[in-house]
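So the structure is just underneath, and the comments pick up after that.
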Amino acid sequence: MGRANDEAAAALQEYAELFALNGGDAFRVRSYQRAAKSIAGFPEDLTRETLRSIPGVGEAIAKKIEEFLERGSFRQLDDLRGRVPEGVRALTRIPSLGPKKALFLFQELGIDSPAALAEAIRAGRLNGLRGFGAKTEENLLKGIEHMERSGDRVHLGIATDLAERVIASLPADRIAFAGSLRRMSETIGDIDILAVGDPALMELFARQPYVTEVIAKGERKTSVRTDRGLQVDLRLIPAESWGAAMVYFTGSKEHNVRIREMAVKKGWKLSEYGLFDGDRLIASETEEEIYQALGMRWVPPALREDGGEVDAALRGELPRLVELHDLRGDLHTHTDLTDGIASLEDMAAAAAMRGYSYYAVTDHAPDLVMQRMTLDKALAQRARIAELQKSYPDMRLLHGSELNIAPDGSVDWPAEVLAGFDVCVASVHSHFTQSREEMTRRFIAACENPHVHVIGHPTTRKIGKRPPVDADWEAVFRAAARTGTIMEIDSYPDRADLPSDLVRLARHHGVKFSIDSDSHAIPHLAHQRFGVGIAQRAWLTPDDVVNTWPLDRLLAHLGRA
DNA sequence: GCCGTTTTCGGCCCGACTGTTTTCAGTCG
């Protein structure tokens, strides 16, 4: 997937933010943002030739991107970077603090980072400042604390991109990532990469363009900081101990402790170099051999958290986990009729390329006013889908909608309209701070609506940005199980919602799940792999996930058979 | 800055909410 696209989009997005911070025209800001979104979602690699065919990219932006492709930046971006400290841009990532207030704080008080702002608030330096009352100060502090709690960890999407970039840059005999990324943890603090190959790989690694700082460099291990802020460790592994090293560096620490204890009980020793009986090597080349020698089945990385997987593996009772190739479709996607950037036709074609048996288009409903959805538009889309269906004999197109769950739990089309959709995903998009009781009632009301099939991105969190809403999830899941309402695993990597611990809880109550991409562009369709990671960490089998089911069974469940 | 069966200028997704004000600016989705 086009890394150049993502980097160019990130640069343009940064330019938009800096431009806004300098009091730039709001329409131009929006132009840059729109172009950044289009470029990130453009399915082909960026080139000088394809650039102008991207919607939202005109002459001026094309010139900037051309310069970026040549030298990794463009003149206007360099200018603005020189004028506004990076920390001021970080200020705008605090919820409820936008460019106007950020610039004001910088100019009036010289505040140039979230930490400096927190300090200024605590020192009372904002007292009497126009537009900053007690409540605002409180909200800002809360926002900064939430940001600090999430620390330097990044979501799976960013970490996966970086790991794949590192792997592609190194000509090793064998190379793979281990650690929390391999276990598909929801956030990643650093990346562990194991390689077999020439010692010169270390030097080559340290000189890569994504490396901003070399923290440590030795014969076996090199640690660097990268342009995404993330630390990456590269370890050179002897070919014969690949399996042992993968077990050791994949972790988790708790899982390793358990299996090392098992080795000790047999009078053996398990290390990153192998499983040994005294000096005699028992197993080291593959993970399978090591687990087998310990009397257990190979444990999928997503389960290696000492959450019962060791005992299950010893008994030969590990679940048959859901895998990406089990998925037969996607039940939550958007088009450019609302906030997607690709047309219905292009999204359907891309879905067919992925070999789906069914594909639901679920654009937003009228409550999200900015999307300008109307009944006429929805019905026109339905007619186009029926027409388009003729081109896809092997893939059923489903016409759906992503409804908005209002504070009282109602949704935004009348029942007779809802009845016309094949699938209704209902999600919370506002009023995140309702009390636990209100929020619980809200979700239960949505589950009890007979036209609501799926609850979309249930906790509505955004990793590193917005905390999850507060609800009595047990009560919500009981209602979902009772009404047959599906809980979504939204695969979009900054959402990762439901998180795996809640998936596990919901499954305990008998809930079924849908692993959806929530795509707003063609490349997003591939995000489902992250949702599969969440599902695996929650021990889900294909039967737990409705979009592994054959079309007939799914339609019966949706009441559309 | 972009874009055009309203077009090459003059629009540009629009309304709600919050906290601050005392009629509104800023932020968000």
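As the structure is a prediction and not an experimental result, all values here were calculated from the model. Every chain is numbered from 1 and lettered A, B, ... according to where its sequence line falls, protein lines coming before strand lines.
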Quick one: side chains of residues 77-85 of chain A, donor-acceptor pairs under 3.5 Å with protein atoms, not counting sequence neighbours, listed by atom name and distance.
from, atom 1, to, atom 2, distance (Å)
A:D78, OD1, A:S73, OG, 2.7
A:D78, OD2, A:R71, NH2, 2.7
A:R81, NE, A:E14, OE2, 2.9
A:R81, NH2, A:E14, OE1, 2.8

Reckon A:R30 has a side-chain N or O less than 4.0 Å from the OP1 or OP2 of B:dG1? no

May I ask you to verify if any side-chain N or O of A:K63 is less than 4.0 angstrom from the OP1 or OP2 atom of B:dG1? no

Counting only heavy atoms from other residues, nucleotides and ligands, does the tally under 6.0 Å from CD of A:E416 exceed 12? yes

Only pairs with both distances under 3.5 Å count, Watson-Crick or wobble alike; so what is the partner of B:dT8 in this structure? none

Just compare [options] and give me whichever is closest to any side-chain atom of [X].
{"X": "A:L368", "options": "B:dG29, B:dG26, B:dG1", "answer": "B:dG29"}
{"X": "A:I61", "options": "B:dC17, B:dC2, B:dG19", "answer": "B:dC2"}
{"X": "A:R34", "options": "B:dG19, B:dG1, B:dC3", "answer": "B:dC3"}
{"X": "A:F27", "options": "B:dG1, B:dC3, B:dG29", "answer": "B:dG1"}
{"X": "A:F432", "options": "B:dG1, B:dC17, B:dG29", "answer": "B:dG29"}
{"X": "A:A60", "options": "B:dC17, B:dT27, B:dC2", "answer": "B:dC2"}
{"X": "A:K135", "options": "B:dG26, B:dG1, B:dT20", "answer": "B:dT20"}

What does [X] touch in the nucleic acid at a heavy-atom separation under 4.0 angstrom: a base, only the sugar-phosphate, or nothing?
{"X": "A:S430", "value": "nothing"}
{"X": "A:R52", "value": "nothing"}
{"X": "A:K462", "value": "nothing"}
{"X": "A:A134", "value": "sugar-phosphate"}
{"X": "A:R372", "value": "sugar-phosphate"}
{"X": "A:E59", "value": "sugar-phosphate"}
{"X": "A:D339", "value": "nothing"}

Identify the heavy atoms of A:G41 and A:A521 that sit nearest to each other, and give their distance. CA-CB, 3.6 Å

Distance check, [atom1] atoms only: [N] and [M], in whole angstrom units.
{"N": "B:dT20", "M": "B:dG26", "atom1": "C1'", "answer": "10 Å"}
{"N": "B:dG29", "M": "B:dC13", "atom1": "C1'", "answer": "11 Å"}
{"N": "B:dT21", "M": "B:dT6", "atom1": "C1'", "answer": "40 Å"}
{"N": "B:dC14", "M": "B:dC9", "atom1": "C1'", "answer": "23 Å"}
{"N": "B:dT8", "M": "B:dC3", "atom1": "C1'", "answer": "9 Å"}
{"N": "B:dT18", "M": "B:dC12", "atom1": "C1'", "answer": "26 Å"}

How close or far is atom [atom2] of [N] from atom [atom1] of [X], stated in whole angstroms?
{"X": "A:I54", "N": "B:dC3", "atom1": "CD1", "atom2": "P", "result": "11 Å"}
{"X": "A:K100", "N": "B:dC28", "atom1": "NZ", "atom2": "C1'", "result": "14 Å"}
{"X": "A:I39", "N": "B:dG1", "atom1": "CD1", "atom2": "P", "result": "14 Å"}
{"X": "A:Q434", "N": "B:dT18", "atom1": "CD", "atom2": "P", "result": "11 Å"}
{"X": "A:Q371", "N": "B:dC28", "atom1": "CD", "atom2": "P", "result": "17 Å"}
{"X": "A:N404", "N": "B:dA16", "atom1": "CG", "atom2": "P", "result": "13 Å"}
{"X": "A:F132", "N": "B:dG19", "atom1": "CZ", "atom2": "P", "result": "14 Å"}

Can you label the angle between the A:H364 ring and the A:H334 ring as parallel, tilted or perpendicular, going by 30° and 60°? parallel

In residues 418-438 of chain A, what donor-acceptor pairs under 3.5 Å come from side-chain atoms, sequence neighbours left out?
from, atom 1, to, atom 2, distance (Å)
A:D422, OD1, A:R560, NE, 3.4
A:D422, OD1, A:R560, NH2, 3.3
A:D422, OD2, A:H399, N, 2.8
A:S427, OG, A:E402, OE2, 2.7
A:H429, ND1, A:N404, OD1, 2.9
A:H429, ND1, A:S427, O, 3.4
A:H429, NE2, A:E402, OE2, 3.1
A:Q434, OE1, A:R442, NH1, 2.9
A:Q434, NE2, A:P407, O, 3.2
A:S435, OG, A:E438, N, 3.2
A:S435, OG, A:E438, OE1, 3.3
A:R436, NH1, A:D470, OD1, 2.8
A:E438, OE1, A:S435, N, 3.1

Residue pair A:L97/A:T433 against DNA chain B: nearer the 5' end by closest nucleotide is A:T433

Name the residue closer to the 5' end of DNA chain B, choosing between A:S31 and A:I94 according to the nucleotide with the nearest heavy atom. A:S31

Side-chain donor-acceptor contact under 3.5 Å, A:S514 with A:D516: yes

For the residue pair A:S517 / A:Y492, report whether a side-chain donor-acceptor contact shorter than 3.5 Å exists. no

